[in-house]
Amino acid sequence: MSILRTLRKKFILSTIASKRSIPAPYLEKYLELTVLKDILDKLSVNCLLDVGANIGQFAQDLRLFGYTGRIVSFEPLASAFGDLSRTMKADKNWQGFNFALGDFTGIQNINVASDSKLSSLLPNNDSDDSNVQEEIQVKRLDDIWESLHINPSDSNVFLKMDTQGFDHRVFKGAADNIDSVCGLMSEVSVLPLYENMIDYKESLSLYESAGFSLCNLGIVSTDDSARVVELNCIMRR
């Protein structure tokens with residue numbers, strides 16, 4: 001067990017012992033990262049595709065809990081990619097691309113949210129959010145797969161997707177190479193934040209039909225009525 005996981009476990013156990021409450025988001029995050037680390041280890045993952053990287057938060061979590069393999073990040077927003085580039089500069093095993101992934105190749109406007117990590121190629125159902133748009137490039141993972149130099153004989157690839165309602169289209173854009181992916185993590189919707197989102201049942205069915213089995217389903221967010229809004233699923237082949 002890593003030092004980080006040991007410290008987290010000690011914190012949680014001491015909190016329980018003292019009869020203090022642990023905020024649910026912290027518990028969810030602890031459980032999710034614990035499962036993710038276990039899956040990456042079991043599958044001997046050495047190449048992780050970080051789709052929807054924003055400024056690199058997820059990749060930094062990976063490094064903190066001990067993942068040392070290759071990371072390839074994709075982030076379409078110019079400002080976020082600038083921050084991402086500065087963050088990954090000192091990490092020789094981390095590279096990034098300034099475009100989005102989807103099920104088509106072309107130019108499209110992305111809806112830039114006030115919180116940049118919530119930006120989406122789909123319109124936001126929250127009319128109070130920013131109406132700012134940015135022109136970005138979209139590519140299919142299949143179209144760039146060879147350029148990533150992923151050797152199937154020595155690469156165990158994990159696909160992480162966090163694209164605010166676009167994950168299933170990223171997945172469809174990787175159809176020709178999805179058999180080379182041994183595991184995935186995807187944000188799935190219960191209450192849609194964006195227009196034309198598919199719900200979590202459709203998402204799970206899509207992934208299962210490609211040969212993936214569910215390992216963990218964790219809560220990402222809830223609304224004011226305590227209803228689940230989004231979930232993170234972790235799956236393995």
Side-chain angles (χ1 to χ4, degrees), residues 2 4 32-33 36-37 39-41 43-108 110 112 116-121 134-164 166-167 169-187 232 234-237:
S2 70
L4 180 62
E32 180 179 274
L33 289 176
L36 178 61
K37 178 62 163 62
I39 293 298
L40 295 181
D41 289 345
L43 298 177
S44 300
V45 171
N46 55 13
C47 180
L48 190 140
L49 306 181
D50 175 23
V51 185
N54 196 238
I55 61 174
Q57 302 96 315
F58 179 78
Q60 288 178 299
D61 283 348
L62 294 179
R63 292 299 192 226
L64 281 173
F65 70 41
Y67 174 74
T68 59
R70 182 185 181 194
I71 299 174
V72 184
S73 292
F74 300 88
E75 171 52 46
L77 292 180
S79 59
F81 186 77
D83 291 336
L84 173 65
S85 298
R86 286 185 286 273
T87 300
M88 65 185 181
K89 189 175 182 180
D91 191 328
K92 294 181 179 179
N93 214 16
W94 183 6
Q95 67 184 125
F97 295 94
N98 186 202
F99 53 79
L101 292 181
D103 57 353
F104 66 96
T105 295
I107 303 297
Q108 186 167 325
I110 188 171
V112 183
S116 67
K117 65 178 179 287
L118 299 179
S119 300
S120 176
L121 284 161
E134 181 177 324
E135 189 175 85
I136 63 165
Q137 190 172 24
V138 183
K139 298 184 180 183
R140 295 168 68 246
L141 187 54
D142 281 340
D143 292 338
I144 64 164
W145 189 269
E146 287 190 9
S147 68
L148 297 179
H149 303 293
I150 297 173
N151 187 338
S153 65
D154 61 11
S155 296
N156 295 320
V157 181
F158 189 92
L159 176 62
K160 167 265 179 182
M161 298 173 287
D162 184 3
T163 60
Q164 306 306 310
F166 220 67
D167 287 12
R169 296 184 65 174
V170 173
F171 189 81
K172 289 179 178 179
D176 294 343
N177 291 282
I178 207 62
D179 286 346
S180 297
V181 174
C182 63
L184 66 84
M185 181 174 182
S186 175
E187 199 169 81
N232 256 344
I234 299 175
M235 308 182 79
R236 63 161 296 172
R237 186 168 292 286

Student: Which atom names give the shortest non-hydrogen contact between Trp145 and Ser180, and what distance separates them?
Tutor: CZ2-CB, 3.7 Å

Student: For side chain to side chain contact (heavy atoms under 4.5 Å, CB included), just list the numbers for Thr87 and Ile55, CA-CA rounded to whole Å, side-chain angles, deciding distance to a tenth of an Å, and then say yes or no.
Tutor: CA-CA 8 Å; Thr87 300; Ile55 61 174; 5.6 Å; no

Student: According to the interplanar angle, ranging from 0 to 90°, do the rings of Phe74 and Phe99 count as parallel (below 30°), tilted (30 to 60°) or perpendicular (above 60°)?
Tutor: tilted

Student: Using distance alone, with no hydrogens and no angle criterion, decide if Asn156 and Asn46 have a side-chain donor and acceptor under 3.5 Å apart.
Tutor: no

Student: Using modelled atom types and a 3.5 Å cut-off, is there a donor and acceptor pairing between side-chain atoms of Arg63 and backbone atoms of Tyr67?
Tutor: yes

Student: Who passes salt bridge (charged side-chain N to carboxylate O under 4.0 Å, His left out) against Asp143, sequence neighbours left out?
Tutor: Arg140

Student: With sequence neighbours excluded, what pairs up with Arg86 under the salt bridge (charged side-chain N to carboxylate O under 4.0 Å, His left out) test?
Tutor: Asp83

Student: Check the pair Thr163 / Leu101 against side chain to side chain contact (heavy atoms under 4.5 Å, CB included), numbers first and verdict last.
Tutor: CA-CA 9 Å; Thr163 60; Leu101 292 181; over 6 Å; no

Student: Just by distance, with hydrogens left out, do Asn98 and Glu75 show a side-chain donor and acceptor under 3.5 Å apart?
Tutor: no

Student: Going by the side chain to side chain contact (heavy atoms under 4.5 Å, CB included) test, name the single residue among Ile150, Leu159, Leu49 that passes it with Val181.
Tutor: Leu159

Student: Considering residues at least two apart in sequence or located in another chain, which fulfil the salt bridge (charged side-chain N to carboxylate O under 4.0 Å, His left out) criterion with Asp50?
Tutor: Lys160

Student: For a quick test of reading the model, state the closest non-hydrogen atom pair linking Lys117 to Gln164 and the distance between them.
Tutor: O-NE2, 3.3 Å

Student: Between the side chains of Asn151 and Ser155, does any donor sit under 3.5 Å from an acceptor?
Tutor: no

